[in-house]
Amino acid sequence: ETTEMANREAAEMQMSELDLLSSMFPSEEEFTVTDQLAAAELKHYAENESAEMPSSKVQFILNVKPEVSNASLVEFSMVCALPFKYPTVLPEITVRSSLLSRAQQIHLNSDLKTYLMQNCSGEPCMLSAREWVKDHAAAYVVKELSSSSVTTSNAVQSEDTMFTRLWIYSHHIYNKQKRKNIIDWAKELSLSGFCMPGKPGVVCVEGLQSSCEEFWSRVRRLTWKRILIRHREDVSLEGGGRAEIQKQRKFPPLEEKCFDAHGARGNHMDLGQLYRFLEEKGCADIFQMYFGVEGH
């Protein structure tokens, strides 16, 4: 009896999630139920106590265009199926794109699965899965492009003639181990900048483009509620070497900045202090990107 109730409750939750998806993504290009019969059976089962369990899982496709400068080129398809017990078990999702190599696709899907295992137990999670794909998927394509192009000598040349500054936004940064990683990795990669723990978390790293990209690829692999590059600056070093790199830096070697505005966890940062700090460093315009009304 209880399993019967649990099954029906799961069916109701699946139905309401499908309804939500179809209202948020009304166009066929964004959301398509690929198995109409299963959807009809599910609806019937959720609404009628006498109905039989559906004979097959509901399947659908969510197409996602990530927020990337050349996003018109990239689209990812999330091919999804909901097991009968979902949301008490994870959804089955495979992300595909014509731009992904086999290895990239495996890597991306295994990272998505890890994210779901850590963040989506027992709750409907299709929207957070879609959000994760939207924020992270493009990097799996880019990562390979940058590593495969290194074979030509002039690519290596250009790689080290760019100075990059990344402005990273995280929903929050409290975890001691992550904070230690951020400081250690920046030191290892000779990056300057700062890390502002709390909610939200702000990380700025600057240095050689290749070092910044390595830093980002490591940080991104940690588990975050939400993390993204809010802004990126690239400047050509004109082959100026070390002296030119030092000249471009706006910050000392990366350290933590706590603009603490009280609170037990020190988790509400004093944004006024952060603004003044950025202003001193000639980066006041960045504040707008993080906290301004635009862009949200």
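No hydrogens or angles considered: nothing links the side chains of Ser77 and Arg96 as a donor-acceptor pair under 3.5 Å. No hydrogens or angles considered: nothing links the side chains of Thr34 and Gln59 as a donor-acceptor pair under 3.5 Å. Using modelled atom types, one finds no donor on one side chain facing an acceptor on the other under 3.5 Å when comparing Glu75 with Ser97.
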_Glu280/Arg276 under salt bridge (charged side-chain N to carboxylate O under 4.0 Å, His left out): CA gap, chis, key distance, verdict_ = CA-CA 6 Å; Glu280 273 166 28; Arg276 287 187 290 279; over 6 Å; no
_Go through it in stages, so that I can follow the logic: the residues are Glu233 and Thr164, the test is side-chain contact (heavy atoms from CB on, under 4.5 Å), and I'd like the CA-CA distance, side-chain angles, deciding distance and then a yes or no._
CA-CA 6 Å; Glu233 302 166 62; Thr164 295; over 6 Å; no
*Take Asp135 and Arg226 through the salt bridge (charged side-chain N to carboxylate O under 4.0 Å, His left out) test and state the conclusion after the steps.*
CA-CA 8 Å; Asp135 287 344; Arg226 183 146 199 254; 3.2 Å; yes
*Step-by-step side-chain contact (heavy atoms from CB on, under 4.5 Å) determination, Ile61 to Met78*: CA-CA 6 Å; Ile61 294 176; Met78 298 169 63; over 6 Å; no
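The aromatic rings of His107 and Tyr140 sit perpendicular, their planes meeting at an angle over 60°, well past the 30° parallel limit. Taking the six-membered ring for Trp and thresholds of 30 and 60 degrees, Phe251 and Trp167 have ring planes more than 60 degrees apart, a perpendicular arrangement.
Both Tyr86 and Leu90 sit in one connected hydrophobic cluster of ILVMFWY residues. Membership requires side-chain heavy atoms under 4.5 Å apart, directly or through other members. A chain of hydrophobic side-chain contacts below 4.5 Å, direct or via other Ile, Leu, Val, Met, Phe, Trp or Tyr residues, connects Leu116 to Phe76.
Here the options are Arg230, Glu279, His231, Arg165, the test is side-chain contact (heavy atoms from CB on, under 4.5 Å), and the partner is Ile286; only His231 passes.
Taking CD from Glu17 and SG from Cys125, the interatomic distance works out to 6.5 Å, rounded to the nearest 0.5 Å.
A cation-pi arrangement, defined by a distance under 6.0 Å to the six-membered ring centre and an angle within 45 degrees of its axis, is present between Lys178 and Trp224. Within the cation-pi definition used here (under 6.0 Å to the ring centroid, within 45° of the axis), Arg232 does not qualify as a partner of Phe163. Judged by the 6.0 Å distance and 45° axis criteria, Arg8 is positioned over the aromatic ring of Tyr45.
Taking a 6.0 Å sphere around CD of Glu92, one finds it holds more than 12 heavy atoms contributed by other residues, nucleotides or ligands. Around the NZ atom of Lys281, the shell of radius 6.0 Å holds more than 12 heavy atoms that belong to other residues, nucleotides or ligands. Other residues, nucleotides and ligands contribute over 12 non-hydrogen atoms within 6.0 Å of the CD atom of Gln246. By the 6.0 Å contact criterion, CE on Met117 is open, its count of non-hydrogen atoms from other residues, nucleotides or ligands being 12 or less.
Looking at every heavy atom in both residues, Leu254 comes nearest to Cys204 through CD1-O, 3.6 Å.
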